[in-house]
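Quick caveat, the model's predicted, so the values are computed rather than measured. The sequence lines fix the lettering, A, B, ..., with proteins before strands; numbering per chain opens at 1.
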Amino acid sequence: MEDSNKQNPPQPHAGESKSLNFIEQIIEDDIRTEKYGKRVHTRFPPEPNGYLHIGHAKSICLNFGLAKKYGGKCNLRFDDTNPTKEDIEYVDSIKEDVKWLGFNWNGEYYASDYFETLYDYAVTLIKKGKAYVCDLPQEEIAATRGTVTTPGIISPFATRPIDENLHLFARMRAGDFADGSRVLRARIDMASPNMLLRDPILYRILHAEHHRTGNAWCIYPMYDFAHGQCDSIEHITHSICTLEFEVHRPLYEWFIKELDIYAPQQIEFARLNINYTVMSKRKLLSLVHEKVVNGWDDPRMPTICGLRRRGYTPEALQNFAEVISVAKRDNVIDVSLLEHCLREDLNKKAQRVMAVLNPIKLVLTNFADDAVEMLDAVNNPEDTSTGLRQVPFAKELFIDSDDFMEVPQHKFFRLSPGNEVRLKSAYIIRCNEVVKNADGSIKQLNCTYDANTRTGMPESNRKVKGTIHWVSVQHAVAIETRIYDKLFLPENPEAVADGEDFRSNLNPDSLKVTTSYAEPYIKNMKAGDKVQFERVGYFCVDADSTAQKPVLNKTVGLKGQWQKTL
RNA sequence: UGUCCUAUGGUGUAAUUGGCAACACGUCUGAUUUUGGUUCAGAAGAGUUCAGGUUCGAUUCCUGAUAGGACAACCA
């Protein structure tokens, strides 16, 4: 950590000299003072009530990353204390997503595995006179809690004798009472300025089937009574959570202290926000339920499975988490940073393929009618070990309509009448004639090619201003391209006016499906493969693909705005 | 009109025990390029929310404002 070499000047480009974030500083202090020996043990504790999204990815990378960096462990723990909202489907998807992100958990735990221990803890508190069974109805409890500026009123049941509390709590567990009729509360301080300390509820009665414990229980612990104790049981050293739990920390520590059990420490960080992105689980759930999107893994969703289907890679997401770092102040990350991380990774990996999204026909008038030339094309200029492939070249080609302008505007480098342009991996051509349909639209472009300009030919180094991509008409493979745009238009789609629905901010054009053409090589691609359509953008082969019709999801465009300035 | 947290270029994160603010993204130049991509070189952009104080010196310490956030679910 410390730089022992003080003689040498600092190295501005040294990759490994990154400074520590505040959590790493805490951990290194704790290691130094041996607060937990030299152990580092974190955990990722999702509630299985929805699919994981990119905000969770930040937390996953943080917790697992810290464990890895300091030679520690990280548990996967399901915070499954509310059977009414949770489901095994979510448990499975969470495991899949964490694994896909590239992490292996030290152990798989469930809060529900600790229900018996938690129950005993509650009994301990009752015996200490620190908890009581309260018969007040829900509305009464809310009303007597006071407000943020006025103290609450002590429950008439707060002074219930210990024996009676013990007896009643046992009967709660036994199922003698109806849902909502009684709760177990901690006796702390109804006048505390911290609302969470005003005799918080520990257990509620819920005659509901739990996805793991079935009907074994009809009382379930609340988050506050479960989370810290679970951390304690697992001997977690650093319990990292988001900022909204900051006010819970005194309570977290109160239970640990009163129970006199192993004490982990809770550390809070600011959750991830990304502009133009909805991140709240509740809203994502409603998008799925109301079929605004096609499921949790719709490529427009910020869910991990959605991003995966969109063509994001674990490496890109991990790098993103690294780059945004972690701190305690509220933040809104620009989507362009996320896209940057993705391009950085994809640029190195994606197979280059030529494709034409909106074709116009181009005829090489000086090319032999039935001739087909197989030309070599580079698979990936960033990785020469991927070699070459052959692309068929013939008299009739498709080029992208974007790559031709009858009246070129200023700084348009591509094809226009009388001008030359290079066909990627092939020849330099010149446009001689624009043939129109009766309605004035372009029917085809008549061009001539310069046979001396292919790679390896004498004039192959001749410079022309633009290079465009193309596909042979007779060899082209029809593909379905699904082009995605922002799901929400405003920068902060979660902030909606009172009485207005967040869905009013939806982008009606977030999905466009078109039929396009690609070179035959596209048929070699499998679901999940990433390609870069040269000069168009990155795409990912979707699982919906058939041999006849590959389906490609647009992952992200290339850098630069030139496409839009036409 | 309570308690707690936060405050650094457009955005995010840094700044060793106080020593005239660094990195990344974005933006803009230029070079290279058979992708307007990549790569490379460079530029602009903050004097650290404000006002006091301590100090030779404050983004770092103190005081007081201001702004934003969290908390009043038998959710997590």
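With rounding to whole Å, A/R352 atom CZ is found 8 Å from B/U35 atom C1'. Remark: C1' of B/U6 and CD1 of A/I267 are 17 Å apart, rounded to the nearest angstrom. In this structure, the CG atom of A/N273 is 10 Å from the P atom of B/G12, given to the nearest Å.
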Base-pairing string, 5' to 3', of RNA chain B - Watson-Crick or wobble, under 3.5 Å, | interstrand: .((((((..((((.....[..)))).(((((.......))))).....(((((..]....))))))))))).....

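Between A/H340 and A/N21, it is A/N21 whose nearest contact on RNA chain B lies nearer the 5' terminus. Positionally, the nearest nucleotide of RNA chain B for A/T149 lies more toward the 5' end than for the other of A/T149 and A/K328.
More than 12 heavy atoms of other shown residues, nucleotides or ligands fall within 6.0 angstrom of atom CZ in A/R160.
For B/A70 and B/C28, the P atoms lie 35 Å apart once the distance is rounded to whole Å. Here, B/U39 and B/C4 have their P atoms 48 Å apart, quoted to the whole Å. To the nearest whole angstrom, the two C1' atoms, one in B/C5 and one in B/C25, are 27 Å apart. Nucleotides B/U60 and B/G19 are separated by 11 Å at their C1' atoms, to the nearest Å. Spacing between B/G26 and B/G68 at atom P, rounded to whole Å, works out to 31 Å.
Nucleotide B/G52 carries an anti base; the chi torsion (O4'-C1'-N9-C4 or O4'-C1'-N1-C2) is more than 90° from 0.
Using a 4.0 Å heavy-atom distance criterion, A/V464 is classed as making no nucleic acid contact. Using a 4.0 Å heavy-atom distance criterion, A/T455 is classed as a base contact. Within the 4.0 angstrom heavy-atom criterion, base atoms lie near A/E382.
Proximity of A/Q138 to the phosphate of B/A72: no side-chain N or O atom is located under 4.0 Å from OP1 or OP2. Contact between the side-chain N/O atoms of A/R535 and the OP1/OP2 oxygens of B/G36 is found at a separation under 4.0 Å. The side chain of A/K463 contributes an N or O atom lying less than 4.0 Å from OP1 or OP2 of B/U34.
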